[in-house]
Amino acid sequence: MRDPAVTSRIMAAVPNRNTKPEVTLRRALWRRGLRYRVHTTLTGKPDITFPGARLAVFVDGDFWHGNAWRIRGLPSFEAQFDRMNNPDFWRAKLRRNMTRDVEVNSALAQDGWTVYRVFESRLKRDLDQVVEEIVQQVRAGPPR
């Protein structure tokens, strides 16, 4: 079992801003002529916002937001914890993240924002399609 101080140090080093998938998406959007904001005080701190279109974009890590079991070909969300140290902690942590995602989506929608979430695995696999979907939402303008 790893010392908790070591785990804490490792976790503190995990970037939560300007990750490679975020930067890749931002560059692709910029090349398509879209201008956006990356610093915001909105609920949930979206990775990219389009204030005029009231579109908030989140680039979610597969592990941290509960999608890793799908891309690893595991039978269920629960199965990914079978070999982990402290599986109850990780199960609860990821469930809290997923619940918070739903709450953030709801809060932003109530404030008149459209939320677009994309997992990093989809971004790697299908960047052009993701960019096209965002372009269409920005062009559609704010929700009515």
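Note that this is a predicted model, so its numbers are computed, not measured. Hydrogens, waters and symmetry mates play no part in the numbers below; they use all other heavy atoms, side chains included.
- Note on Phe50 and Leu127: same hydrophobic cluster, where clusters join Ile, Leu, Val, Met, Phe, Trp and Tyr whose side-chain heavy atoms are under 4.5 Å apart, directly or indirectly.
- Without hydrogens or angle criteria, Arg54 side chain to Asp111 main chain gives a donor-acceptor distance under 3.5 Å.
- Residue Leu25 holds its CG atom at 11.5 Å from CZ of Arg27, rounded to the nearest 0.5 Å.
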- Stepwise side-chain contact (heavy atoms from CB on, under 4.5 Å) check, Leu55 with Thr114: CA-CA 5 Å; Leu55 175 65; Thr114 298; 3.9 Å; yes

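- Of all heavy-atom pairs between Phe63 and Ala68, the closest is CA-CB, 3.8 Å.
- No more than 12 heavy atoms of other residues, nucleotides or ligands sit less than 6.0 Å from atom CZ of Arg83.
- The two residues Gly66 and Met98 have their closest heavy-atom pair at CA-SD, 3.5 Å.
- Counting heavy atoms from C-beta on, the side chains of Phe58 and Leu108 come closer than 4.5 Å.
- Between atom NZ of residue Lys20 and atom CG of residue Asn18 there is a gap of 14.5 Å, rounded to the nearest 0.5 Å.
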- Output, in order, the C-alpha distance, side-chain angles, deciding distance and verdict of side-chain contact (heavy atoms from CB on, under 4.5 Å) for Arg91 and Phe77. CA-CA 9 Å; Arg91 189 177 295 111; Phe77 174 77; 4.2 Å; yes

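- Between the Ser106 side chain and the Val102 main chain, no donor and acceptor come within less than 3.5 Å of each other.
- The number of heavy atoms from other shown groups lying within 6.0 Å of CZ (Arg70) is above 12.
- Remark: Asp47 CG to Thr40 OG1 distance equals 11.0 Å, nearest 0.5 Å.
- A continuous path of hydrophobic side-chain contacts links Leu42 to Val115 [ILVMFWY only; heavy atoms under 4.5 Å].
- Residues Ile134 and Leu123 share a hydrophobic cluster, clusters being chains of Ile/Leu/Val/Met/Phe/Trp/Tyr side chains in contact below 4.5 Å.
- Atom CH2 of Trp90 sits about 4.0 Å away from atom CH2 of Trp64, to the nearest 0.5 Å.
- Side-chain contact, Arg122 with Asn67: no donor N or O sits under 3.5 Å from an acceptor N or O.
- Under the 4.5 Å side-chain heavy-atom criterion for Ile, Leu, Val, Met, Phe, Trp and Tyr, Val138 and Tyr116 are members of the same hydrophobic cluster.
- Applying the side-chain hydrogen bond (donor to acceptor under 3.5 Å, both in side chains) test to Gln129 and every residue at least two apart in sequence or in another chain returns Glu133.
- Residues Leu74 and Ile71 are members of separate hydrophobic clusters, defined by side-chain heavy-atom contacts under 4.5 angstrom among Ile, Leu, Val, Met, Phe, Trp and Tyr.
- Taking Asp82 as the reference, nothing meets the side-chain hydrogen bond (donor to acceptor under 3.5 Å, both in side chains) condition, with sequence neighbours excluded.
- Between the CZ atom in Phe89 and the CZ atom in Phe81 there is a gap of 10.5 Å [rounded to 0.5 Å].
- Side-chain atoms of Glu120 never come within 3.5 Å of backbone atoms of Gly61 as a donor-acceptor pair (strictly under, hydrogens ignored).
- Arg32 is linked by a side-chain hydrogen bond (donor to acceptor under 3.5 Å, both in side chains) to Glu132, counting only residues two or more places apart in sequence or in another chain.
- The backbone N or O of His65 sits nowhere less than 3.5 Å from a side-chain atom of Asp60 that would complete a donor-acceptor pair.
- Of the inter-residue distances, the one linking Gln80 atom CD with Glu78 atom CD reads 8.5 Å to the nearest 0.5 angstrom.
- Only one option out of Val130, Val118, Val23 pairs with Val59 in a side-chain contact (heavy atoms from CB on, under 4.5 Å); it is Val118.
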- Under the side-chain contact (heavy atoms from CB on, under 4.5 Å) criterion, do Thr43 and Trp113 qualify, and how do the steps go? CA-CA 11 Å; Thr43 301; Trp113 286 79; over 6 Å; no

